[in-house]
Amino acid sequence: MGRAAKKRTRKEDADDTPAVVPVPAPGTAHVPAPAVPVERFDEDLGTQAEDTEAEVERAVICFGAFETYIVGVQYYSGTVSRNEQVRLVREPKNPYDRNAIQVNNILDIKVGHLPREKVLYLAPMLDRKLVHHASGVVTTGANNKYSIPVTLFLWGLPENKEEVIKRCRLGQLVLGHNIEPAARRVMELEPVTRTMDATEREDALDQLFKRLEEERQSTRMATPSETITAPLYPHQKEALAWMLHRENSNALPPFWSHEEKTGMYVNILSSYKTSVRPQVCRGGILADDMGLGKTLNTIALIASNRPGAAPPALEEAPKNDEPPAKKPKGKTKGPGPSKNAPKVLASKQDQVGSTSSPPSRDGPKATLIVCPVSVLSNWEQQIAEHTDGSLSVYRYHGASKTKVTDELARHDVVITTYGTLTADKGAVLNKVKWLRVVLDEAHNVKNPNVGQSIAARQLTAERRWAITGTPVQNRLNDLYSLLAFLRLQPLDDRSFWTRVVDKPVHAGNPVGYDRLVTLMTAIALRRTKEQKLKDGTPLVRLPPKEVLVQTVEMGLEDRARYSNLLRAAQETIGGMIEDGTLFGNYAHALEVILRLRQLCCHGALVPRGKNGEEKPVTPPTGEQMAQLLTVLRAGGLDDCCVCLGSMFHPVVTRCAHVFCRGCIVPALERKRSCPLCRADCEPGELVEAPPDEDGENGDGASTGVQTAPSAKTEALVARLKTDLRARGDGGRKAKAVVFSQFVTFIDIAQKSVEAAGFKCVRLTGGVSAAGREKCIREFQSPDADSPDVIFVSLKAGGVGINLTAASFVYMLDPWWNPATEDQAMDRVHRLGQDRPVKVVRFVCKDSIDEKMMELQQRKRELAKAAFVKKTEKERQEMRKADLSLLLSLTNLV
DNA sequence: ACCGCCGGGTGCC
DNA sequence: ACCGCCGGGTGCC
């Protein structure tokens with residue numbers, strides 16, 4: 001019988017359906033929910049799927065290991081070293097065997113395959129996610145010519161263990177735990193010798209990044225090419241030097257060392273040895289705080305590191321951050337004497353034993369910048385403003401896009417958006433060989449399994465940069481996405497990253513933190529605005545900012561309505577808190593709060609007659625939905641309790657809880673109940689708020705009819721009269737930005753201000769991208785007939801908007817989240833502002849406005865403890881406390 | 001000899 | 001591959 005079977009030809013083998021694949025007994029196979037079909041979501045919504053995947057990664061356990069071989073090694077170029085990990089990659093399209101699993105080394109170079117009879121059992125388990133992933137360790141025979149022994153470790157969720165063991169037995173795969181110690185060590189299965197407790201762990205992460213920020217102070221500086229017309233701050237010159245170094249240095253990437261004796265390169269995380277020098281990682285992460293001038297810095301890099309031109313000189317003797325390479329014999333060691341005679345990078349680096357490769361004259365020339373739509377024109381403006389026009393810029397966005405790759409490659413800079421990149425699907429942008437690719441606001445690329453990040457990864461570029469103003473340390477997971485984009489091998493492999501960094505950090509294993517430090521020191525630069533230069537001066541010197549609170553007395557009629565509404569609310573909501581029904585009736589509470597806040601602004605914002613009446617405490621009704629949508633449209637409420645971030649594409653559940661769409665949908669796909677109250681909930685029933693309607697008061701408030709002044713509008717006009725007219729400032733106009741979160745209130749206030757003789761423009765959510773640009777340009781203009789006042793709805797005034805022509809900021813109503821207010825003020829008080837800035841926050845006396853301010857203070861304190869993971873219970877308590885505070889239930893006004 | 005045995009050709013999936 | 005396996009050549013002692 002053996003003979004007959006063996007006589008089958010290859011062809012027959014190829015078509016051989018694996019009929020013997022074990023089929024699970026009904027009900028025994030626990031297959032986790034399939035990966036979330038994230039394509040359905042819009043561009044920024046990959047986060048939740050990504051987090052879910054990270055969670056699963058952390059939950060998987062090792063089922064055991066078995067011995068087998070890597071076969072067919074003679075056909076492939078990939079090599080393995082002793083005690084090195086290998087990656088297994090399913091190859092379902094293999095023409096000889098649909099169960100094929102290829103074995104790659106840590107640099108993802110193909111080494112061989114797993115034997116056919118083993119994959120017959122293993123592949124289906126991987127495909128059904130019974131085995132979450134498998135990885136191998138080579139301990140012996142690494143140099144074999146034809147096949148290499150390998151220990152395969154199977155990992156998966158605990159609930160699948162039994163099934164996997166059963167199937168392995170069927171396939172003669174003897175899953176054991178008596179694994180060779182060497183292999184165990186490589187897999188880091190050894191118990192952690194020292195773990196940190198929760199507080200220690202928070203401290204460690206916190207300290208780690210502080211340390212990075214501080215240690216980064218003593219770097220070199222570089223003066224940009226003279227095509228940059230703007231002067232650079234010292235910290236920007238430091239960043240430029242660092243970026244030039246990151247791009248041009250041929251130093252080994254992090255975690256690689258060079259063995260003098262053997263001449264081999266060794267990866268200290270994986271034991272991988274190779275005689276081929278690992279690919280240099282040109283680029284990195286620029287994660288400076290907002291307002292430190294990352295955009296200008298990047299432009300300076302683009303202008304200064306051009307093909308065929310010598311990169312700029314270094315101005316200061318650096319602290320040597322090269323690996324301690326041997327000094328060429330006969331030369332003096334210190335680069336010190338060259339202080340007054342700056343040398344180009346190349347010669348400097350030769351001194352420390354590392355060479356430099358500036359962009360080649362014959363290589364690609366174009367830099368691709370990928371950014372959110374909102375900052376697209378900011379890039380264009382800054383390039384126009386800060387360079388002498390010698391950079392040719394092409395905007396690859398919207399209707400007028402060339403399909404000719406050569407056309408793109410001819411420019412110095414091509415600017416596009418994440419949306420365009422994703423939609424491009426490799427048609428044009430992937431075909432160009434870029435000199436460098438810059439991802440601006442790189443935290444937008446979160447999920448390596450979703451469109452845009454895949455697209456970003458696939459771009460062909462010599463140099464790669466991730467620019468982000470959001471500190472990456474808050475979410476380790478986001479960091480992984482950036483590494484994947486930077487192609488930092490081998491950490492760009494998710495399972496490798498999880499094992500080597502993510503898991504140890506989450507387990508409190510100091511090894512994980514050490515690795516993070518090494519990694520971040522090597523490839524990331526982050527400074528904060530609070531940081532000081534070595535001589536003690538701050539990084540950026542901004543004119544002073546004065547923030548004061550102006551208390552306003554509500555008008556008599558508004559006050560009466562306010563009191564009635566508050567009294568009713570205190571009764572109903574106090575009752576709900578007491579009997580625990582609040583969280584089914586969150587909507588009601590939120591509407592009351594919204595109405596109170598609106599009354600503080602202007603009575604016309606609140607429709608008469610239907611307020612203050614008690615709402616019945618009932619299961620979800622259409623009315624409740626309507627309430628919630630009202631609140632949603634008025635712009636945001638709490639942070640989403642799934643991602644703990646601010647609401648993005650908020651949706652409402654049947655039980656009247658609000659989440660980001662991208663957060664709740666994957667959660668419901670796993671378990672069809674509300675994460676907050678566990679009520680049944682189908683993804684199909686989610687009610688969506690209209691996208692960024694921004695403060696529109698969607699319930700028929702009488703806009704435009706009653707424009708009688710309110711206390712706040714009167715106070716605003718009075719302020720403008722004294723502030724703007726008082727300050728002549730050498731012929732320059734004094735201008736003001738007025739923020740409110742209620743567009744309807746902006747309508748009313750704008751009329752009053754115009755009536756007082758001020759020229760106004762407005763920037764609210766409804767305005768198109770082109771309209772916004774025009775509006776900002778008009779306002780920023782120094783012309784005598786340019787606008788005096790710009791009204792901005794809080795959410796429309798997001799990052800990237802530059803309103804530095806103003807030196808007065810008026811906040812008409814306090815916002816729930818202090819960070820949002822800070823961000824708004826930063827539109828004015830930022831790089832480019834050369835006058836003192838005065839911020840006035842209008843607050844109604846004895847009202848919810850004051851409570852909002854208290855709440856802000858609380859939030860500020862809470863933000864400091866952001867690393868503390870809160871339980872659902874704790875978060876619920878917090879929200880309850882927030883509501884109580886707002887409605888003065890704890891200390892009645 | 002519709003076998004056994006020999007020795008050359010060959011080799012992942 | 002210093003293997004296993006395949007298939008052609010071959011055939012008493």
Side-chain angles (χ1 to χ4, degrees), chain A residues 1-23 63 65-156 164 167-175 180 183 186 270 272-276 490 493-496:
Chain A
M1 122 107 197
R3 195 175 184 98
K6 274 161 194 161
K7 279 203 170 179
R8 281 184 311 192
T9 65
R10 259 187 196 186
K11 184 92 188 92
E12 282 162 353
D13 267 7
D15 294 331
D16 187 21
T17 309
V20 283
V21 169
V23 174
F63 293 154
F66 60 89
E67 303 290 331
T68 180
Y69 289 88
I70 308 169
V71 295
V73 171
Q74 70 270 39
Y75 300 101
Y76 307 102
S77 57
T79 59
V80 211
S81 320
R82 202 178 144 76
N83 295 333
E84 191 202 346
Q85 190 203 358
V86 289
R87 306 178 183 190
L88 305 189
V89 182
R90 269 288 278 125
E91 203 186 355
K93 298 239 168 80
N94 186 302
Y96 303 103
D97 183 354
R98 69 184 67 168
N99 287 317
I101 295 177
Q102 69 176 57
V103 181
N104 292 3
N105 70 14
I106 206 66
L107 293 187
D108 227 14
I109 306 166
K110 194 166 178 180
V111 178
H113 285 97
L114 291 184
R116 166 165 293 190
E117 72 275 11
K118 306 288 183 197
V119 298
L120 188 58
Y121 290 85
L122 187 52
M125 290 195 283
L126 282 166
D127 294 345
R128 310 183 69 146
K129 304 254 163 123
L130 284 172
V131 173
H132 178 270
H133 68 272
S135 49
V137 176
V138 168
T139 52
T140 56
N143 297 319
N144 288 6
K145 229 170 147 184
Y146 304 101
S147 72
I148 300 172
V150 63
T151 311
L152 282 198
F153 292 78
L154 303 190
W155 309 77
V164 168
R167 287 171 179 235
C168 282
R169 209 177 296 129
L170 276 171
Q172 318 266 298
L173 311 171
V174 190
L175 261 192
E180 219 196 312
V186 172
S270 72
Y272 180 71
K273 278 187 195 179
T274 170
S275 56
V276 184
D493 177 90
R494 176 172 263 299
S495 70
F496 191 75

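Reminder, nothing fancy here: chain letters follow the sequence lines and each chain counts from 1.
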Novice: Work out how far the P atom of C:dC5 is from that of C:dG9, and round it to whole angstrom.
Specialist: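 Between the two P atoms, the distance is 22 Å.
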
Novice: Ignoring hydrogens and geometry, is there a side-chain-to-backbone donor-acceptor pair from A:Arg87 to A:Ser135 under 3.5 Å?
Specialist: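 Such a contact is absent between A:Arg87 side chain and A:Ser135 backbone.
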
Novice: Counting C-beta onward and ignoring hydrogens, is there a side-chain heavy-atom pair between A:Asn143 and A:Ile148 closer than 4.5 Å?
Specialist: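 In short, these two side chains do not touch, never coming nearer than 4.5 Å.
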
Novice: Using only modelled atom types and a 3.5 angstrom limit, is any donor from either the side chain of A:Tyr76 or the base of B:dC12 paired with an acceptor on the other?
Specialist: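 Result: at least one qualifying N/O pair found.
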
Novice: In Watson-Crick or G-U wobble terms, both distances under 3.5 Å, what is the partner of B:dC13?
Specialist: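 Base-paired to nothing in any strand shown.
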
Novice: Determine, step by step, whether A:Trp155 and A:His132 satisfy the ring-ring contact (aromatic ring centres under 6.0 Å, His included) criterion, reporting the C-alpha distance in whole Å, the side-chain angles of both residues, the deciding distance to 0.1 Å, and the verdict.
Specialist: CA-CA 6 Å; A:Trp155 309 77; A:His132 178 270; 9.5 Å; no

Novice: Quick check against the 3.5 Å criterion: does A:Asn94 have a side-chain atom that pairs as donor or acceptor with the backbone of A:Arg98?
Specialist: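 Flag not set: sc A:Asn94 to bb A:Arg98 has no pair under 3.5 Å.
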
Novice: Could you tell me which residues satisfy salt bridge (charged side-chain N to carboxylate O under 4.0 Å, His left out) with A:Glu91, sequence neighbours excluded, listed by chain and number?
Specialist: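 By the salt bridge (charged side-chain N to carboxylate O under 4.0 Å, His left out) rule, A:Glu91 matches A:Lys110.
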
Novice: Rounded off to whole Å, could you give me the CZ-to-P distance for the A:Arg116 and C:dC5 pair?
Specialist: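 Spelled out: CZ on A:Arg116 to P on C:dC5 is 16 Å.
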
Novice: Nearest whole Å is fine: how far is B:dC13 C1' from A:Lys110 NZ?
Specialist: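 Atom NZ in A:Lys110 sits about 7 Å away from atom C1' in B:dC13.
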
Novice: To the nearest Å, give me how far apart CG (A:Asn104) and P (B:dC13) are.
Specialist: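 In whole Å, B:dC13 P and A:Asn104 CG are 16 Å from each other.
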
Novice: With centres under 5.5 Å and planes under 30° as the test, does A:Tyr146 stack with C:dA1?
Specialist: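 Stack criterion met.
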
Novice: With rounding to whole Å, what would you report as the distance between B:dC2 and C:dC13 at their C1' atoms?
Specialist: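 That atom pair is separated by 25 Å.
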
Novice: Take atom CD of A:Glu117 and atom P of C:dG4, then tell me their distance rounded to the nearest Å.
Specialist: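 Value for this atom pair: 15 Å.
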
Novice: Ignoring hydrogens and angles, write down the donor-acceptor pairs under 3.5 Å from the side chains of residues 70-79 of chain A, residues two or more places apart or on other chains.
Specialist:
none

Novice: Give me the distance, rounded to whole Å, that separates C:dC6 from C:dA1 when you measure between the C1' atoms they each carry.
Specialist: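 C:dC6 and C:dA1 have their C1' atoms separated by 15 Å.
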
Novice: Could a donor-acceptor pair under 3.5 angstrom be found where the side chain of A:Asp97 meets the base of B:dC13?
Specialist: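 By the distance-only test, no, there is no pair.
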
Novice: Output the rounded distance in Å from NE2 (A:His113) to P (B:dC12).
Specialist: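 Checked: the NE2 to P distance equals 11 Å.
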
Novice: Contacts to DNA chain B from residues 67-75 of chain A, heavy-atom cutoff under 4.0 Å, which residues?
Specialist: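 Within residues 67-75 of chain A, the residues near DNA chain B are A:Val71, A:Gly72, A:Gln74, A:Tyr75.
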
Novice: Verify, without hydrogens or angle tests, whether A:Arg82 (side chain) and A:Lys273 (backbone) share a donor-acceptor contact under 3.5 angstrom.
Specialist: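 The answer is no, because no donor-acceptor pair under 3.5 Å joins these two groups.
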
